[in-house]
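Hydrogens, waters and symmetry mates play no part in the numbers below; they use all other heavy atoms, side chains included. Here is how names work: the chains are called A, B, and so on, in the same order as the sequence lines, proteins then strands, and each is numbered from 1. Predicted model only: the values in this text are computed from it and were never measured.
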Number of protein chains: 2
Amino acid sequence: MSTPNSAPTVIDVAKLAGVSISTVSRILNGNSRVAKEKQEAVTRAITQLNFEPNLSARSLRGGASKLIGVLTQELQSPYFTAGTIGIEDGLANTGYAPVLMPTHWNVDQEIERARLLLARRVDALIILGGNLSDEQIIELAKKIPVAVTDRKLDAPNIHSFYFDQLEGGRLAVNHLIELGHRRIAHIAGPPTQSDSIERREGYLRAHRDANLSIDPKLLVDGNFLETGGMRAMLELLERTRDFTAVFCANDQTLIGARLALYRKNLRVPEDVSLVGFDDVPQLMYLTPPGTTIRQPTQEMGFAAARAVLRALGADVEAKTHPPLSLVIRETTRALA
Amino acid sequence: MSTPNSAPTVIDVAKLAGVSISTVSRILNGNSRVAKEKQEAVTRAITQLNFEPNLSARSLRGGASKLIGVLTQELQSPYFTAGTIGIEDGLANTGYAPVLMPTHWNVDQEIERARLLLARRVDALIILGGNLSDEQIIELAKKIPVAVTDRKLDAPNIHSFYFDQLEGGRLAVNHLIELGHRRIAHIAGPPTQSDSIERREGYLRAHRDANLSIDPKLLVDGNFLETGGMRAMLELLERTRDFTAVFCANDQTLIGARLALYRKNLRVPEDVSLVGFDDVPQLMYLTPPGTTIRQPTQEMGFAAARAVLRALGADVEAKTHPPLSLVIRETTRALA
DNA sequence: CGAAGGCATGAAAACGTTCCCGTCTAGATC
DNA sequence: GATCTAGACGGGAACGTTTTCATGCCTTCG
């Protein structure tokens with residue numbers, strides 16, 4: 001009312017309701033008893049003025065911004081999208097809101113963005129994957145609670161969530177072996193990436209468990225993207241056609257590989273069986289729908305959100321996420 | 001230094017550098033001249049203390065939060081993801097950060113989230129699509145600058161960005177007609193959605209322009225999702241097989257339709273040609289890669305970001321986005 | 001009937017920043 | 001050499017909230 005063009009403050013509300021500022025605040029936070037009539041007068045004033053408390057002021061005073069920083073990688077990656085959705089779900093109706101900061105697999109940008117989030121005084125940090133070192137994350141956790149996914153990290157104030165990538169790789173390849181495949185190729189992810197290395201390890205483990213030998217010609221590197229999957233599959237076909245199945249390091253790789261096979265007039269799964277990793281939504285609509293290792297990423301994001309909320313003292317129940325599982329669809333077939 | 005466990009403030013910096021608070025502030029904002037030696041002392045103190053200005057305080061004092069609220073729909077939708085990435089790009093290195101608030105095509109949630117963003121005192125609002133009424137958006141624009149996509153809305157303090165959906169539909173269907181197709185089906189979006197209606201209008205327009213009659217049997221509704229595309233295609237095939245091409249209201253619809261054709265052992269494009277709408281990234285990796293109408297959504301997000309930045313007085317250049325265009329890939333073929 | 005205690009309420013400080021104003025110093029002009 | 005001026009710098013208020021503390025009234029019990 002006073003300054004017509006700027007947002008109403010608690011003072012305006014107090015004036016209109018004929019009470020003190022303190023009383024208004026008390027009613028807003030509901031932590032102390034006030035007389036029923038003032039209660040009503042104040043709520044009436046609030047709706048009349050369309051008052052919303054200024055969260056900057058609240059944050060400044062109380063030290064809590066009610067903001068959760070989320071450090072994510074490429075937004076276009078369906079894997080990270082799922083995690084983000086999970087976080088969003090986990091934060092819903094808690095009064096906390098996520099601030100999304102995409103970085104692009106770039107460590108410098110990641111620490112820069114982390115600083116930015118701290119400057120905004122986010123109450124906690126959720127880090128989805130990324131390339132920060134354990135030490136850097138431990139450093140961040142000295143200031144605010146941190147949840148981090150896709151790595152195992154035991155340290156104070158840190159909650160880590162991850163899936164057993166080796167076991168996933170083993171599951172995938174074991175499925176192929178059980179279907180009778182013996183010549184199984186592998187399109188890996190980036191050679192330095194830890195998930196990539198572990199999944200490859202699972203591929204090796206499954207072979208060892210079944211007493212199968214490894215042919216190095218059947219191992220080729222990709223980049224976790226469709227482009228890499230396509231290129232890798234073409235290179236593989238260049239080298240040899242003596243394989244009946246391919247374990248792709250992730251679903252995007254599988255999708256690229258599938259297109260390469262189409263280009264070469266090879267049928268899936270009649271000529272080549274494919275298994276992916278992640279279970280991104282679009283794999284269900286591949287032609288044919290893709291067999292893969294499901295990572296419940298959304299549930300993991302949810303669990304991460306709940307973990308930081310609990311660290312902040314919120315009264316929400318903890319949540320664990322289910323483990324990896326094999327999802328059998330139609331890109332794999334049993335050898336006769 | 002004073003309170004070891006909480007973040008350093010401008011006061012700590014001033015003490016350490018042996019200058020006044022005002023001087024530190026001046027240096028931080030670089031708007032006034034200060035002696036070179038103090039300049040250096042302060043910057044040294046800042047790095048030594050690892051000081052980051054508290055943005056809540058800054059926001060409270062100056063009224064600017066350096067936050068741009070983004071109201072988006074489903075995060076998993078590739079269409080909105082692209083817009084978000086564009087916004088992110090447009091905001092990069094400007095000191096502004098986006099706060100993403102996904103709503104789920106739910107008007108109540110949208111206004112609720114918009115209130116939340118205002119309470120956080122975001123400096124501007126970008127609304128990607130959504131179901132808010134024009135009046136509701138105009139109301140919001142009375143408080144802060146607003147950019148809105150996917151609708152035409154001329155009002156003070158509002159920048160709207162949109163593509164000519166009717167023209168897009170016309171382009172798609174005209175392409176099919178030029179390829180010699182005469183019996184062209186259409187899987188529409190939700191019947192009440194305006195984009196859906198306009199694209200359908202484009203389908204009709206192209207027919208009229210070519211003096212082709214419309215067969216109502218060839219019109220069926222979807223829901224802009226893969227599920228709907230699949231269901232609609234199956235229903236269409238149930239009704240008649242007398243068509244050679246289908247214009248799908250968006251790419252997700254096309255992807256679902258494509259799977260339905262696979263299920264029925266119909267080949268794409270040999271038996272049925274398909275055109276989609278949007279050009280989502282995964283369409284390039286469909287088997288075969290899909291022909292579609294490209295909406296430069298990312299560029300639109302970028303333009304929207306720039307528009308609100310300019311409205312806030314930032315010195316960035318305006319950006320317009322390119323129009324719709326036909327992208328010819330491999331789901332369409334010329335009839336002999 | 002008087003004192004004590006509890007409860008509703010208001011006043012005021014504090015959070016960390018920016019920015020207006022006033023002061024002081026140093027250099028310049030006569 | 002004295003006065004004027006401009007520029008560098010510091011003091012302090014203000015942004016909107018929460019919260020502690022004090023105050024005054026009413027109730028209750030001895």
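Close to D/dC15, at under 4.0 Å from its OP1 or OP2, lies no side-chain N or O of A/Asn54. For the pair B/Ser25 and C/dT17, the criterion of a side-chain N or O lying under 4.0 Å from OP1 or OP2 is not met. For the pair B/Arg33 and D/dG7, the criterion of a side-chain N or O lying under 4.0 Å from OP1 or OP2 is not met. A close approach under 4.0 Å does not occur between any side-chain nitrogen or oxygen of B/Arg61 and OP1 or OP2 of D/dA14. Within the structure, every side-chain polar atom (N or O) of B/Ser20 is placed at least 4.0 Å from both OP1 and OP2 of D/dG11. The side chain of B/Thr9 places no N or O atom within less than 4.0 Å of a non-bridging phosphate oxygen (OP1 or OP2) of C/dG16.
The residue B/Ser22 sits close to a base: some heavy atom pair falls under 4.0 Å. At a threshold of 4.0 angstrom between heavy atoms, the contacts of A/Leu55 with the nucleic acid are absent.
Out of D/dT17, C/dT9, D/dC15, the shortest distance to the side chain of A/Val10 is found at D/dT17. Comparing C/dG16, D/dG11, C/dG10 by their nearest atom to the side chain of A/Val19 picks out C/dG10. The side chain of B/Thr23 sits closest to D/dG10 out of D/dG10, C/dA8, D/dA13. Nearest nucleotide to the side chain of A/Arg26, out of D/dT20, D/dA8, D/dT18: D/dT20.
Here C/dC7 presents its P atom at 16 Å from NZ of A/Lys36, a figure rounded to the nearest Å. Across the protein-nucleic acid pair, A/Arg58 atom CZ and D/dC15 atom P stand 19 Å apart, rounded to whole Å. A/Ile21 places its CD1 atom 9 Å from the C1' atom of C/dA11, with the value rounded to the nearest Å. Counting to the nearest Å, the P atom of D/dG10 and the NZ atom of B/Lys15 are 15 Å from each other. Rounded to a whole Å, the CG atom of B/Leu60 is 12 Å from the P atom of C/dT18. Rounded to an integer number of Å, the gap from B/Lys38 NZ to D/dC9 C1' is 6 Å. To the nearest angstrom, P of C/dC19 lies 6 Å from CG of B/Asn29. Between the CG atom of A/Asp12 and the P atom of D/dG16 there is a distance of 9 Å, rounded to whole Å.
Smallest separation of non-hydrogen atoms from B/Arg310 and B/Val316: NH1-O, 2.8 Å. Residue A/Arg113 comes nearest to A/Pro102 through the heavy atom pair NH1-O, 3.3 Å, listed as atom of the first residue, atom of the second, then distance.
Taking the side chain as every heavy atom from C-beta outward, B/Tyr79 and B/Asp150 approach each other to under 4.5 Å. Two residues are said to be in side-chain contact when any heavy atoms from C-beta on lie closer than 4.5 Å; B/Ile87 and B/Leu91 meet this criterion. Considering only heavy atoms from C-beta on, A/Asn29 comes within 4.5 Å of A/Ser25 through its side chain.
With A/Glu52 as reference, B/Arg115 is the one residue of B/Arg120, B/Arg121, B/Arg115 to meet the side-chain hydrogen bond (donor to acceptor under 3.5 Å, both in side chains) rule.
Along DNA chain D, the nucleotide closest to B/Ala35 and the one closest to A/Pro53 are compared, and the more 5′ of them pairs with B/Ala35.
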